[in-house]
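Quick notes on the structure that follows.
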Amino acid sequence: MSIHQNLLGGPAPTHLPDEPAPREALAAGTDPAEVAAAHPTSSLAWAALADRAFEAGHTVESYAYARTGYHRGLDALRRAGWKGHGPVPWEHEPNRGFLRALHALARAAGAIGEKEEYERCSTFLRDSSPTAADTLV
């Protein structure tokens, strides 16, 4: 028996490829709008924009940024072999952009009264990564 076998019978965790450039630019304090413009496929950049907009009270803009990051993340997950369900571990740092965008989408949906989307995204986040759901509060 292989020590890497999934004994629970579910899909293997999805690990997105690393994208150091947007992560490093954001860590260096570069404006998230500049990072998103330079790296438009980066869920992390869009999640940072969503967070900034939400913190400034711009809920609709936060929702739009989060939705963009969420869809960019779904595209990346599919390219990485994800089949629409299964773990997307928070512990794998490149997954955090998608998980942050998903959290931001749930948060903004809740704030504008989109109850069904809030519940769907919150459940999706918890199903993907319980650690992310507990960390991103």
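Ser42 approaches Glu19 most closely through the heavy-atom pair CA-OE1, 4.1 Å. For the residue pair Val88 and Leu99, the shortest heavy atom distance occurs at O-CD1, 3.3 Å. Pairing each heavy atom of Ala101 with each of Gly69, the nearest pair is CB-C, 3.6 Å.
In terms of modelled atom types and a separation under 3.5 Å, the side chain of Asn95 and the main chain of Trp90 share no donor-acceptor contact. Side-chain N or O atoms of Trp46 include one that pairs as donor or acceptor with a backbone N or O of Pro40 at under 3.5 Å. Under a 3.5 Å cut-off, the side chain of Asp51 and the backbone N or O of Ala104 do not form any donor-acceptor pair. A donor-acceptor contact shorter than 3.5 Å links the side chain of Ser43 to the backbone of Gly73. In this structure a side-chain-to-backbone donor-acceptor pair under 3.5 Å is present from Thr68 to Ala64. Side-chain atoms of Thr123 come within 3.5 Å of backbone atoms of Glu119 as a donor-acceptor pair (strictly under, hydrogens ignored). Judged by distance alone, the side chain of His103 and the main-chain N or O of Ala132 form no donor-acceptor pair under 3.5 Å. With hydrogens and angles ignored, the 3.5 Å screen pairs a side-chain donor or acceptor of Ser128 with a backbone N or O of Phe124.
Taking 4.0 Å as the cut-off between side-chain N and carboxylate O, Arg52 and Glu55 do not count as a salt-bridged pair.
Both tests hold for Arg107 against Phe54: distance to the six-membered ring centre under 6.0 Å, angle to the ring axis within 45°.
Between Arg96 and Leu44, the closest side-chain pair of non-hydrogen atoms is not below 4.5 Å. Two residues are said to be in side-chain contact when any heavy atoms from C-beta on lie closer than 4.5 Å; Leu77 and Leu16 meet this criterion.
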